[in-house]
Amino acid sequence: MLKLFTLIVAAVIASPALANDTMAEVKTGGLIFAQSDNVSMAEEDLFISASEVRVDYIFENSSDKDVESLVAFPMPDITGQVDNNSAISDYDSDNFLHFSTVQDGRPITAKLQQRVVSLGIDVTDEFAKLGIPVLPYSQKTTEALAKLSETARKDWISRGLVYPMGAGDAAGVDLVPLWTLRSTYWWRTTFPAKKKVSVEHRYKPAVGGTVAISFLEGGEPKGERFEEYSRKYCLDGDFVRVAQQRAREAEAGGANYTESWISYVLSTGANWAGPIKRFQLTIDKGKPGSLISFCGSNVQRIGPTTFRMTAEDFDPTRDFDILILNPPETAQ
């Protein structure tokens with residue numbers, strides 16, 4: 001059976017997640033995650049910031065046979081919504097996160113597979129038949145939707161593929177995409193017997209966030225959103241107290257601090273044979289005046305804006321969620 005080493009990354013869009021390597025099998029209906037018995041993740045060196053993600057891996061084939069496979073990199077799901085708050089700016093490019101990869105020092109030219117899903121149903125063929133671009137926020141998509149026939153417009157509205165914005169009948173309103181685009185880059189490779197293989201990835205995350213501090217209720221650390229943030233980002237007392245002070249300053253006429261959210265799905269790394277033998281995470285909060293909170297152990301500050309966590313025989317059991325509070329431009 002053909003096997004896939006799958007690199008899943010989803011940047012922060014609505015419900016964001018960047019993701020780690022895992023193994024999968026091709027079965028009817030798509031990729032099914034599976035345990036790797038022969039190829040282990042010897043090293044992972046991960047760098048995360050709001051402007052760039054860099055991931056350097058060393059894989060090791062411990063078997064006495066070469067493992068031929070596909071390496072696949074699913075891009076983040078892009079789901080249309082009425083209020084678009086995604087930070088992606090390059091919607092007219094298929095490679096909207098500017099993803100690139102290198103294996104053993106050699107740049108890889110990957111193929112692209114894109115599928116369109118709505119309410120759990122694959123409707124890709126229908127888009128191709130009607131000539132509708134698949135990127136939800138592309139200008140070309142907006143122009144193509146405006147040319148849909150009245151019958152198609154009413155049908156797509158009734159099926160939840162698009163949402164009508166404006167008054168009037170189906171022919172007189174703008175159509176907002178609600179479908180989900182799933183894109184995967186993939187290439188063929190071989191993991192030689194008893195050898196190590198290096199794989200490097202680079203991409204620009206789409207960072208979600210708010211225009212103010214949102215997890216305080218009336219300036220106090222309480223409410224459902226605060227509880228969610230506490231669990232997700234491991235907020236401590238010092239972080240909360242400084243956030244409260246910044247919120248009070250904004251209420252007194254100062255500029256708001258803003259939130260940035262970055263997530264990295266690390267738990268899929270557990271699908272490789274054994275734990276990650278050597279793991280290193282470096283996070284850059286961007287500006288010296290920014291505040292950062294995330295769940296981690298043995299974290300050390302290594303620079304004005306950078307933090308590092310290292311571990312050996314690391315068995316990821318949860319994902320990384322990072323919260324950054326950004327100062328106003330005048331108080332960096």
Fill in: Rounded distance (nearest 0.5 Å) linking atom CZ of Phe320 with atom OG of Ser263
11.5 Å
Practice prompt. Show the numbers, then the answer: is there a side chain to side chain contact (heavy atoms under 4.5 Å, CB included) between Ser260 and Asn326?
Written response: CA-CA 7 Å; Ser260 292; Asn326 309 290; 2.8 Å; yes
Item to complete: Measure the acute angle between the ring planes of Tyr57 and Phe59, then classify it against the limits of 30° and 60° as parallel, tilted or perpendicular.
Response: parallel
Item to complete: Say whether Phe226 and Trp261 are linked into one hydrophobic cluster, either directly or through other cluster members, by side-chain heavy-atom distances under 4.5 angstrom.
Response: yes
Worksheet item: CZ/Phe191 to CG/Asn38 distance, rounded to the nearest 0.5 angstrom?
Response: 11.5 Å
Fill in: Step-by-step side chain to side chain contact (heavy atoms under 4.5 Å, CB included) determination, Leu323 to Leu325
CA-CA 7 Å; Leu323 170 65; Leu325 298 186; 4.3 Å; yes
Worksheet item: To the nearest 0.5 Å, how far apart are OG in Ser198 and CD in Gln103?
Response: 7.5 Å
Response to the item:
Quick note, salt bridge (charged side-chain N to carboxylate O under 4.0 Å, His left out) partners involving residues 107-117, not counting sequence neighbours, are Arg115-Asp122
Practice prompt. Decide salt bridge (Lys or Arg N to Asp or Glu O under 4.0 Å) for Arg153 and Glu150; before the verdict, give the C-alpha distance in whole Å, the side-chain angles of both, and the deciding distance to 0.1 Å.
Written response: CA-CA 5 Å; Arg153 290 168 68 90; Glu150 183 177 355; over 6 Å; no
Response to the item:
Residue set satisfying side-chain contact (heavy atoms from CB on, under 4.5 Å) with Gln244, at least two apart, ordered chain then number -> Leu216, Glu220, Pro221, Val240, Arg241, Arg248
Worksheet item: About how many Å separate SG of Cys234 and CZ of Phe239, when rounded to the nearest 0.5 Å?
Response: 11.5 Å
Worksheet item: Is Ile58 reachable from Leu46 through a run of hydrophobic residues whose side-chain heavy atoms are each under 4.5 Å from the next?
Response: no
Discussion item. Just to verify, what does Ser93 make a side-chain contact (heavy atoms from CB on, under 4.5 Å) with, not counting sequence neighbours?
Written reply: Asp90, Asn95
Discussion item. Just so I know, are the side chains of Asn298 and Thr310 near enough to count as touching, which here means a heavy-atom distance under 4.5 Å?
Written reply: no
Item to complete: Using the six-membered ring wherever Trp is involved, compare the ring planes of Phe99 and Tyr185 and label them parallel, tilted or perpendicular (cut-offs 30° and 60°).
Response: tilted
Fill in: CA sep, side-chain torsions, deciding dist, call: Ile302, Thr282, side chain to side chain contact (heavy atoms under 4.5 Å, CB included)
CA-CA 9 Å; Ile302 61 172; Thr282 304; 4.3 Å; yes
Item to complete: Specify the closest pair of heavy atoms between Pro304 and Arg301, including all atoms of both residues, with the distance to one decimal.
Response: O-NH2, 2.6 Å
Discussion item. Keeping Asn61 on the side-chain end and Ser63 on the backbone end, is there a donor-acceptor pair under 3.5 Å?
Written reply: yes
Worksheet item: Going by atom types alone, do Ser214 and Tyr229 pair a side-chain donor with an acceptor below 3.5 Å?
Response: yes
Worksheet entry | Which atom of Asp45 lies closest to which atom of Gln280, heavy atoms considered | OD1-NE2, 3.4 Å
Practice prompt. For the pair Lys194 (side chain) and Ser62 (backbone), establish whether a donor and an acceptor sit closer than 3.5 Å, ignoring hydrogens and angles.
Written response: yes
Discussion item. Using every non-hydrogen atom in the two residues, find where Val299 and Met309 come nearest and quote the distance to one decimal.
Written reply: CG2-CB, 4.1 Å
Worksheet entry | Qualifying salt bridge (charged side-chain N to carboxylate O under 4.0 Å, His left out) pairs with a residue from residues 56-66, counting only residues at least two apart or across chains | Asp56-Arg202, Glu60-Lys277
Worksheet item: Does a side-chain heavy-atom distance below 4.5 Å link Thr210 with Phe215?
Response: no
Fill in: Glu44 vs Phe314, side chain to side chain contact (heavy atoms under 4.5 Å, CB included): CA-CA, chis, key distance, verdict
CA-CA 10 Å; Glu44 177 176 359; Phe314 182 59; over 6 Å; no
Practice prompt. Please check if the side chain of Ser49 supplies one atom and the backbone of Glu52 the other of a donor-acceptor pair under 3.5 Å.
Written response: yes
Worksheet item: Just checking, any donor-acceptor pair under 3.5 angstrom between side chains of Asp284 and Thr306?
Response: no
Item to complete: For Cys295 and Lys232, work out which heavy atoms get closest and say how close.
Response: SG-O, 3.7 Å
Worksheet entry | Donor-acceptor side-chain pairing of Thr190 and Glu68 below 3.5 angstrom | no
Discussion item. Check this for me: Asp313, atom CG, are more than 12 non-hydrogen atoms of other residues, nucleotides or ligands nearer than 6.0 Å?
Written reply: yes
Worksheet item: If you round to the nearest 0.5 Å, how far is CD1 of Ile324 from NZ of Lys287?
Response: 10.5 Å
Worksheet item: According to a 4.5 Å side-chain heavy-atom criterion applied to Ile, Leu, Val, Met, Phe, Trp and Tyr, with indirect links allowed, do Leu119 and Leu181 form part of one hydrophobic cluster?
Response: no
Worksheet item: Should the heavy atoms of other residues, nucleotides or ligands under 6.0 Å from OH of Tyr163 be counted, would the total exceed 12?
Response: no
Discussion item. Quick check against the 3.5 Å criterion: does Lys285 have a side-chain atom that pairs as donor or acceptor with the backbone of Ile292?
Written reply: no
Discussion item. Under a 3.5 Å distance rule, please check whether Thr124 uses its side chain to pair with a backbone N or O of Val116 as donor and acceptor.
Written reply: yes
Worksheet item: For Lys195, what residues pass the side-chain contact (heavy atoms from CB on, under 4.5 Å) criterion, not counting sequence neighbours?
Response: Pro192
Item to complete: Mind checking the CD1-OG spacing from Ile78 to Ser138? Nearest 0.5 Å is all I need.
Response: 12.0 Å
Discussion item. With a 4.5 Å cut-off on side-chain heavy atoms, are Pro177 and Tyr137 touching?
Written reply: no
Worksheet item: What is the minimum heavy-atom distance between Ala243 and Ile213, and which atoms define it?
Response: O-CD1, 3.6 Å
Item to complete: Have a look at Val199 and tell me which of Thr189, Val102, Thr101 forms a side chain to side chain contact (heavy atoms under 4.5 Å, CB included) with it.
Response: Thr101
Worksheet item: According to a 4.5 Å side-chain heavy-atom criterion applied to Ile, Leu, Val, Met, Phe, Trp and Tyr, with indirect links allowed, do Phe307 and Leu281 form part of one hydrophobic cluster?
Response: yes
Worksheet entry | Single-linkage hydrophobic cluster Val117~Leu112, side-chain heavy atoms < 4.5 angstrom | no
Worksheet item: Quick one: are Leu178 and Ser118 in side-chain contact, heavy atoms under 4.5 Å?
Response: no
Worksheet item: Salt-bridged, Glu143 to Lys147, with N to O below 4.0 Å?
Response: no
Response to the item:
Here the pair of heavy atoms bringing Asp321 nearest to Phe294 is O-CB, 3.4 Å
Worksheet entry | Partners passing side-chain contact (heavy atoms from CB on, under 4.5 Å) against Glu126 (at least two apart in sequence or in another chain) | Val123, Leu130, Asp155, Trp156, Arg159
